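See structure below.
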Amino acid sequence: MRTVALTVNGTRRELELEPRELLVYVLRERLGLTGTNVGCDTSSCGSCTVLVDGVSAKSCTLLGLQVDGAAITTIEGLASDGTLHPVQQAFHDNHALQCGYCTPGMVLAAVSLIEEGGATSEEAIREGLEGNLCRCTGYHNIVAAVQDAAVKMERAS
Amino acid sequence: MSATEERTEYIGAPVKRREDAALLTGCGTYVDNMTPAGTVFMTVVRSPYAHARVASIDLTAARASDGVVAAFTAAELQEDWKAAMPCAWPVTEDMKNPPHYPLTDVARYQGDGVAVVLAESRAQATDAAELVEVDWEPLDVSVDVSKALDDGAPLVHPDLGTNECYVWTLDTDATGEALEDADVVVTRRYYQPRLIPNAMEPRAVVAVPGPAGDLTLYSTTQIPHILRLLAAATLGLHESKVRVVAPDVGGGFGSKLDVYAEELLVMALARRFGRPVKWVEERSENYVATIHGRDFVTEYTLAARKDGTITHCRAKVTAAMGAYLQLVTPGIPLLGAWIYSGPYAIPNYSVEFTGVFTNTTPTDAYRGAGRPEATYVIERTMDALADELRMDRLELRRKNFISEFPFTLASGLTIDSGDYHASLDKLVDVLDLEALHAEQAKRRENGGTKQLGVGFSTYNEMCGLAPSRILGAIRYAAGGWEQATIRFLPTGSVQVVTGTSPHGQGHETAWAQIAADRLGVDIDEVEVLHGDTAISHFGLDSYGSRSLAVGGVAVWHAGDKLVEKARQLAAHELEASPDDLEYANGSFTVKGSPDKEKTLKALAFSAWAAHDLPEGMEPGLEATATYDPPNFSWPGGAHAAVVEVDPETGDARLVRYVAVDDVGTVVNPIIVDGQVHGGITQGISTALYEEGAYDEEGNLQTANLLTYLVPSAAELPSFELERTESPSPTNPLGVKGVGETGTIAAAPAVINAVLDALSHLGVKDIQMPATPERVWRAIQEAKS
């Protein structure tokens with residue numbers, strides 16, 4: 001067991017972790033933040049994407065010990081004061097989710113992509129979201145939502 | 001609101017989904033998010049062999065491992081099963097259905113479960129399962145569906161003496177005269193690759209024992225009602241002691257339309273230990289333990305006169321069942337059995353299905369189920385026939401389209417409505433086909449790495465499962481009705497209870513639209529309840545594009561009944577005859593005296609208070625309708641794919657996809673478009689990317705998301721969708737269903753496009769999926 005300190009959705013947490021514990025299970029099982037979903041066991045699907053120090057990362061690819069000192073944002077921490085983040089709002093406005101299982105990861109991947117200035121064209125968005133799989137939407141409305149959000153966040157070009 | 005005031009109709013409006021708020025903020029209630037106090041975790045020990053006897057099994061080390069509560073072999077749990085795993089569709093009287101149970105001592109596919117371990121944590125259960133020692137005695141395997149009936153093929157179930165499960169036929173032309181009289185006969189053989197559904201949420205179950213011998217099962221299921229019935233039967237419980245809850249379910253596509261071993265195991269173990277038992281499928285486990293789709297070999301024949309009039313169609317299908325029959329495994333081919341003539345008027349018709357056992361994961365319903373398989377062979381062969389007749393492929397389709405409705409197919413079913421010409425005309429218009437042909441010619445002339453191809457698929461399908469009398473006639477065990485209850489709460493809020501069980505389709509929003517319109521209330525006052533057998537007592541759940549066409553119509557009928565009861569109460573209060581009342585937008589008025597008015601909301605309070613009801617009227621404003629559709633519903637349309645193919649590398653890329661669908665009346669256009677987007681993506685993916693492949697020993701070669709290509713956004717373009725609308729005359733909403741249209745239509749459009757891009761090189765056939773290697777090899781073969 002080792003002690004790590006994380007800031008998760010703005011709250012500082014100190015945890016005793018086993019070396020083998022993946023970040024996604026730290027979030028889900030230690031902290032009860034079940035909004036981060038697990039969709040595969042090969043780091044392929046992106047359902048578990050969170051922001052680590054503001055940058056998207058698949059939380060199944062990181063050990064809890066690796067993120068000691070980091071600031072993590074999960075889907076539960078994205079809206080502020082009851083107002084949806086522009087990406088969440090755009091997903092709703094553009095019907096960019098159906099079953100919702102990939103959605104938390106997809107939203108956070110999109111937040112990171114837009115913030116990095118990578119959502120400048122349909123092609124760039126499609127390439128930028130390559131690591132996040134959705135089985136319901138065919139991505140059509142997801143791409144539209146990310147374009148919509150990028151405009152609203154003034155990061156479309 | 002007065003009766004004269006116009007209100008916005010919700011039906012047809014792009015109402016944004018109410019489901020989104022929770023799902024966008026991490027508040028989804030997926031089963032894995034739930035771990036009741038005292039939960040123990042189950043892991044299943046699975047066979048690494050496709051066919052092997054368990055010569056001996058030793059659980060000693062597993063039982064001694066940290067945190068382990070118990071471990072069981074198949075034999076040690078056998079007494080818990082009062083019936084074998086259920087198959088609801090014995091398609092013929094003599095169909096072979098060897099009994100199978102949640103655990104086995106002879107594994108018949110890679111992934112078959114042979115033992116379970118229960119431990120205090122998920123990690124401990126997984127660690128302990130590694131310590132189970134099995135002495136395997138490998139047996140010979142039959143893996144390939146096209147070889148499983150060969151003489152001497154190893155038998156999946158030796159006791160049967162054969163791998164043949166059943167033969168089912170529907171033949172209107174036993175003499176074969178139409179074939180002999182035809183000018184042109186085209187026969188082609190196709191393989192429908194095995195597909196792995198890959199709903200983004202793997203399966204998960206939690207069984208919670210209650211104090212009175214009752215059990216609650218939380219499951220990632222599409223079918224809580226059917227599961228309640230069959231789990232009770234398998235475990236020997238009173239059905240009243242079983243509650244099934246389907247909370248938020250992360251996609252299904254048919255793969256959660258089943259009764260699975262793990263559902264029964266957690267229930268049996270929760271009952272034994274008096275503790276909640278939880279199992280969560282890993283993705284790699286999902287590849288072997290959750291049903292697969294397709295795996296059909298089809299020989300398809302079209303016969304025609306010189307002028308292109310098609311006189312005969314014939315399909316001979318060999319369909320892989322996998323190792324066992326799951327809930328509706330043998331019935332999957334039958335879901336396409338009546339539509340092997342497509343949207344064409346073909347007078348002579350014969351189909352023959354042979355179901356065969358193979359040492360593979362059982363097949364069952366995957367999006368489209370039986371109809372993509374039919375549409376694929378029809379639309380590929382239509383192009384081949386046009387080629388043979390030297391006729392334009394769209395002209396051939398137009399010449400043979402059914403153009404008057406209702407139309408009774410040679411197969412015996414009656415299509416109530418459609419307009420196939422309108423869909424195709426619109427498609428050609430949107431495509432700008434002339435410009436595409438010009439561009440194709442230019443690129444051919446110039447050579448290069450982006451040869452253009454355009455492919456078409458004109459389709460129809462039967463969905464809205466299903467008229468109960470027909471299901472009975474084809475030996476399905478249950479009916480096809482659906483139930484809805486609508487009740488006013490005293491303050492005028494409305495509850496809708498539905499027997500459908502959504503898993504991404506947006507029923508909470510769409511059913512609220514229907515109820516709000518019928519009752520003339522604000523949509524925000526309507527809540528829709530589903531997915532819990534303690535709340536929705538009766539229903540037949542969600543699959544087969546049935547939810548709107550059957551369940552949504554049930555909501556409308558429940559509204560009708562409720563309005564009629566309210567009319568009696570309004571007449572009583574207004575001292576008028578019920579016949580003299582007019583109902584509109586949630587209010588009754590007396591004809592000729594519009595100032596005499598009673599709103600449904602006011603009547604709901606009166607009915608609840610019950611102070612002054614008409615003689616014999618029961619208190620409360622509530623109605624239940626159970627709707628049994630008189631016919632299937634019949635969506636149809638025309639799709640086109642435009643691809644670029646690199647003849648040097650074989651790389652085929654989809655650059656445009658245009659879909660024109662007729663799904664009848666549209667309740668919510670954004671939801672309908674979303675269903676089409678997702679559906680065509682799965683069809684495109686079938687054509688270009690996905691294939692569940694086994695090696696000769698029955699090892700699944702594509703056993704995870706690294707080796708089985710589920711496409712990302714980067715593999716796909718945005719889509720161009722259009723609609724035509726011929727409302728179904730069969731139901732009062734005019735709806736038809738949309739969940740599977742895209743998947744049914746898309747694969748042949750894409751393959752026809754790839755072949756069109758390469759037609760100048762002489763390429764006539766490419767097996768799905770059209771991977772670069774397959775395309776490259778087809779080009780080389782055509783050259784030599």
Side-chain angles (χ1 to χ4, degrees), chain A residues 18 20-21 25 28-29 32-47 74-79 84-85 87-89 91-104 107 122-123 125-144, chain B residues 14 16-17 19-28 30 32-35 122-123 197-202 248-253 280 282-286 503-506 670-671 673-682 684 704-706 710-719 721 742:
Chain A
E18 284 183 47
R20 71 174 178 179
E21 283 182 84
Y25 291 108
R28 287 182 56 84
E29 294 178 358
L33 293 168
T34 55
T36 304
N37 293 324
V38 179
C40 75
D41 46 13
T42 48
S43 300
S44 309
C45 78
S47 293
T74 70
I75 194 70
E76 289 94 338
L78 195 60
L84 293 179
H85 184 280
V87 174
Q88 290 170 308
Q89 186 63 47
F91 269 57
H92 178 57
D93 292 343
N94 291 277
H95 184 38
L97 63 152
Q98 291 181 28
C99 83
Y101 199 77
C102 76
T103 305
V107 165
E122 178 182 341
E123 195 184 348
I125 291 167
R126 286 182 176 277
E127 293 294 334
L129 295 178
E130 194 175 21
N132 289 74
L133 300 180
C134 168
R135 196 62 159 162
C136 295
T137 65
Y139 306 100
H140 180 106
N141 286 342
I142 290 175
V143 173
Chain B
K16 288 182 202 166
R17 294 202 324 170
E19 288 87 345
D20 295 359
L23 301 176
L24 277 166
T25 53
C27 299
Y30 306 105
D32 189 21
N33 295 352
M34 150 185 350
T35 306
R122 197 182 302 204
N198 274 298
M200 288 315 302
E201 178 197 29
D248 285 329
V249 174
F253 316 114
V280 179
E282 294 183 2
R283 175 61 61 188
S284 301
E285 198 175 17
N286 172 270
H503 36 284
Q505 298 92 334
I670 58 175
I671 290 177
D673 284 351
Q675 287 293 315
V676 175
H677 292 148
I680 60 184
T681 297
Q682 290 182 18
I684 290 163
N704 54 49
L705 277 166
L706 296 171
V710 171
S712 77
E715 276 79 45
L716 296 160
S718 288
F719 307 123
L721 305 190

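Just so we're on the same page: letters track the sequence lines, and every chain starts at 1. Only a predicted model underlies this, so the values are computations on that prediction, with no experimental measurement involved.
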request  = Decide side chain to side chain contact (heavy atoms under 4.5 Å, CB included) for E29(A) and R122(B); before the verdict, give the C-alpha distance in whole Å, the side-chain angles of both, and the deciding distance to 0.1 Å.
outcome  = CA-CA 11 Å; E29(A) 294 178 358; R122(B) 197 182 302 204; 3.5 Å; yes
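Of the atoms belonging to D248(B), not a single heavy atom falls under 4.5 Å from chain A. Using a 4.5 Å cut-off between heavy atoms, E122(A) contacts chain B through its side chain alone, with no backbone atom that close. Proximity to chain B is absent for every atom of L78(A), based on heavy atoms less than 4.5 angstrom apart. For chain A, the nearby parts of V710(B) are the backbone and the side chain; heavy atoms of each come within less than 4.5 Å.
Under the 4.5 Å side-chain criterion, counting only non-hydrogen atoms from C-beta, L23(B) is in contact with Y30(B). Contact annotation: the side chain of E130(A) approaches that of S712(B) to within less than 4.5 Å [non-hydrogen atoms, C-beta and beyond]. Side-chain atoms of E19(B) and Q98(A), non-hydrogen and from C-beta on, never get closer than 4.5 Å to each other. A 4.5 Å side-chain heavy-atom check between H140(A) and L721(B) finds every atom pair outside the cut-off. Contact of the V249(B) side chain with the E201(B) side chain is registered, since non-hydrogen atoms from C-beta on lie closer than 4.5 Å. Contact check for S47(A) versus M200(B): side-chain heavy atoms found under the 4.5 Å cut-off.
Note: D41(A) leads I75(A), L84(A), D41(A) in heavy-atom pairs under 4.5 Å with chain B. In terms of heavy-atom pairs under 4.5 angstrom with chain B, the leader among T103(A), T137(A), N94(A) is T137(A). Interface remark: of the candidates E76(A), E127(A), R28(A), R28(A) forms the most heavy-atom pairs closer than 4.5 Å to chain B. Highest contact tally toward chain B, considering only A96(A), G100(A), P104(A), G131(A), is held by G100(A) [criterion: heavy-atom pairs under 4.5 Å]. Top candidate by heavy-atom pairs under 4.5 Å with chain A, chosen from S718(B), G250(B), G678(B), G26(B), is S718(B). Annotation: maximal heavy-atom pairing with chain A below 4.5 Å, among G679(B), G28(B), S284(B), G251(B), occurs at S284(B). For the options G252(B), P14(B), P717(B), A123(B), heavy-atom pairs under 4.5 Å to chain A are most numerous at P717(B). Annotation: maximal heavy-atom pairing with chain A below 4.5 Å, among E282(B), E715(B), Q682(B), occurs at Q682(B). Heavy-atom pairs under 4.5 Å with chain B were tallied for C136(A), G46(A), G138(A); the largest tally goes to G138(A). Taking chain A as the reference chain and counting heavy-atom pairs below 4.5 Å, the highest number among P202(B), A199(B), A21(B), A22(B) is found for P202(B). Each of V280(B), I671(B), N286(B), T35(B) has some count of heavy-atom pairs under 4.5 Å with chain A, and the biggest count is that of I671(B).
Applying the salt bridge (Lys or Arg N to Asp or Glu O under 4.0 Å) test to E285(B) and every residue at least two apart in sequence or in another chain returns R46(B).
Neither side chain, H95(A) nor N141(A), offers a donor N or O lying under 3.5 Å from an acceptor on the other.
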Quick one: side chains of residues 32-40 of chain A, donor-acceptor pairs under 3.5 Å with protein atoms, not counting sequence neighbours, listed by atom name and distance.
unit_1: N37(A); atom_1: ND2; unit_2: Y101(A); atom_2: O; d: 2.9

